[in-house]
Structure formats: structure tokens, C-alpha cells
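Since the structure comes first, as C-alpha cells, the remarks are kept for the end.
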Amino acid sequence: MDKNQSRRQVRLMRQSLFDQGFLDEQFIQLEELQDDANPNFVEEIATSYYRDSSRSLQTIELALEKTPRDFNKLDGYMHQFKGSSSSIGAKKVKAECQQFREYCKAGNGEGCMRTFQALKKEHATLKKRLEAYFQMARQAGPIETACRPK
């Protein structure tokens, strides 16, 4: 595959992340901060997010296993996780965080458990998709990425 074709594939893959609702405007803002001095800035931020968020998910999972559940503490953990997810533009993950927080406010443990499973799935799916995107982008070489999705 030549460079132009590779770059086109990268653009299409990136666009699909927006079209399928995985990413939002915040991801574009991160891309706008990337420059020649730090060409892997967005990937580094995403890697850091996934390293830290894995620990956060473990903390939330342990708190969910405790009885009785401390919904205020769970809500606090999820509020922090939602903020981290928002910072990289993880749209679907952020939506699941919001749903989880609603269940916390209602004291609905079953809803929290169900939503937490969905959140972990969205988190893992986005991680795989971003890893594939970043790998393809590295192979294709530098391209203009900080543009608004269609």
C-alpha cells in the first residue's frame, strides 16, 4: 500500500471513530495540541488515560463488591472516571459513566452493575479501536488530523 492510500485509510478509520460515536470534539482539541515537537502527543495522552483508567475501573469494581454499597463513594469514583474519559473525548464511555451516576443517585445497585459491565465493554472497545488507529497512523506517517469530522 502506498503512502497516499495508507493516509486515506487512516483518515477513514479516524472518521469512523466519530461516525460510530466513539469520540467527540474533545479528541479534535487534543489533536490540535499535537505538533512537530510532539508528534505522538494524542497517542501518549490516550496511553496515559488507559493506564490510569484501568486502576480506576479496579477501584470501582471493588467498591461495587462491598455490601452495603456506598453509592456516594461510587458516584465520586465515577465522577472522576467520567472526567478522565471526557478529557480524551471518549463519548460512549462518558455516556455510560453518566448512566452509572444516575443509578448511584437512585440507589439502584443492579443498574450500577449492569451499566458498569457496559462501561467496561465500551472502554475496551475504544482502546482496541484507538490502538489500531494509532498503529496505522504511525505506519502511514504524518498527516493533517486536526480537522472537524464530517
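One is the number of the first residue; the rest follow in order along the sequence.
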To the closest 0.5 Å, what do you measure between [atom1] ([X]) and [atom2] ([Y])?
X: C104; Y: Q99; atom1: SG; atom2: CD; answer: 10.5 Å
X: C97; Y: Q80; atom1: SG; atom2: CD; answer: 11.0 Å
X: R8; Y: L12; atom1: CZ; atom2: CG; answer: 5.0 Å
X: F22; Y: L126; atom1: CZ; atom2: CG; answer: 7.0 Å
X: S56; Y: H123; atom1: OG; atom2: NE2; answer: 8.5 Å
X: L64; Y: D70; atom1: CG; atom2: CG; answer: 11.0 Å

Please check this pair: side chain of [X] against backbone of [Y], looking for a donor-acceptor N/O pair closer than 3.5 Å.
X: Y103; Y: T115; value: no
X: Q34; Y: V42; value: yes
X: Y50; Y: A124; value: no

Ionic contact status for E96 with K121, cut-off 4.0 Å: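 Salt bridge between K121 and E96, a charged N being under 4.0 Å from a carboxylate O: no.
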Aromatic plane relationship, Y133 with F27 - under 30° parallel, 30 to 60° tilted, over 60° perpendicular: perpendicular
Residue of the set Q15, R129, K92 for which side chain to side chain donor-acceptor pair (under 3.5 Å) holds with Q20: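 Going through the options one by one, the only one that passes is R129.
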For the student: nearest non-hydrogen atoms of [X] and [Y], plus distance:
X: F71; Y: G109; result: CZ-N, 3.6 Å
X: A46; Y: F134; result: CB-CE1, 3.7 Å
X: F18; Y: D24; result: CE2-O, 3.3 Å
X: K105; Y: D75; result: NZ-OD1, 3.6 Å
X: A63; Y: Y77; result: CB-CE1, 3.8 Å
X: Q26; Y: S87; result: CG-O, 3.2 Å

Are [X] and [Y] packed together at the side-chain level, in the sense that at least one heavy-atom pair is separated by less than 4.5 angstrom?
X: I60; Y: F100; result: yes
X: L74; Y: M78; result: no
X: E65; Y: M113; result: no
X: Q9; Y: S6; result: no
X: S85; Y: Y49; result: yes
X: F116; Y: L57; result: yes
X: L23; Y: L130; result: yes
X: F41; Y: E32; result: no

Derivation of the side-chain contact (heavy atoms from CB on, under 4.5 Å) call for I28 and R14: CA-CA 10 Å; I28 296 168; R14 178 185 176 275; 3.6 Å; yes
Worked verdict on E122 versus K94 for salt bridge (Lys or Arg N to Asp or Glu O under 4.0 Å): CA-CA 9 Å; E122 291 297 344; K94 187 172 68 171; over 6 Å; no
Pair E102, Q98: side-chain N/O donor-acceptor within cut-off below 3.5 Å: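 Judged by distance alone, the side chains do pair up.
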Full working for side-chain contact (heavy atoms from CB on, under 4.5 Å) between E44 and N38: CA-CA 10 Å; E44 290 167 9; N38 196 352; 3.5 Å; yes
